[in-house]
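If you're wondering where the values come from, they're calculated on a predicted model, not measured in any experiment.
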Amino acid sequence: MTITAVKKTSPPKDWHRAKVISELHQVGITLAGLARAYGMTSSSSFSVALDRSYPLNEQRIADALGIHPKDIWPSRYNADGSPKLRGIRELQFNATALACNSKRAAADNRLKRSA
């Protein structure tokens, strides 16, 4: 009897920033041109979106490429396409969820003891 190892699939990786810029150039758009199209004076916020989560500009870049932002940055989005919580909001959400779960667990334990 032989045991075959199951290959673990790695999660999809985000596109490299150079690939995003290259894809924009193939469409005929630059970050500066994209910024001008949205009435901005600088393309720096689009540059930031290439490295860190910035859902509004991620959506604008993806719209320029004709795809969904989750296809470019899968680590920043949930399976349903909604942006993942980041930073303090994630911490607040998780702390609230943990507190609610611990209160429910304590209530369940009290009910078990009384029964």
Angle class for the Tyr38/Phe46 ring planes (parallel below 30°, perpendicular above 60°, tilted otherwise)?
-> tilted
Least distance between heavy atoms, Trp73 atom then Ala49 atom = CZ2-O, 3.9 Å
Spell out, as yes or no, whether a donor-acceptor pair under 3.5 Å connects the side chain of Asn78 to the backbone of Asp80.
-> no
Chi angles and distances behind the side-chain contact (heavy atoms from CB on, under 4.5 Å) call for Leu24, Leu65 = CA-CA 7 Å; Leu24 285 170; Leu65 294 174; 3.7 Å; yes
What heavy-atom pair brings Pro69 and Gln59 nearest, and what distance separates the two atoms?
-> CG-OE1, 3.3 Å
Over all heavy atoms of both residues, which pair between Tyr77 and Lys84 is shortest? Give the atoms and the distance, please.
-> O-CE, 3.4 Å
Selection residues 18-45 - residue pairs positive for salt bridge (charged side-chain N to carboxylate O under 4.0 Å, His left out), sequence neighbours left out | none
Between Ser43 and Ala35, what is the shortest heavy-atom contact and its length?
-> CA-CB, 3.9 Å
Hydrophobic cluster membership, Ile21 vs Ile67, 4.5 Å side-chain cutoff | yes
Taken in chain and number order and not counting sequence neighbours, the residues that satisfy salt bridge (charged side-chain N to carboxylate O under 4.0 Å, His left out) with Asp51 are Arg17
Linked, directly or transitively: Ile72 and Leu50 (ILVMFWY side chains, under 4.5 Å) = yes
In short, salt bridge (charged side-chain N to carboxylate O under 4.0 Å, His left out) pairs touching residues 53-63 with sequence neighbours left out are Glu58-Arg76
Would you name the heavy atoms of Leu34 and Ala64 that are closest together and state the gap between them?
-> CD1-CB, 4.0 Å
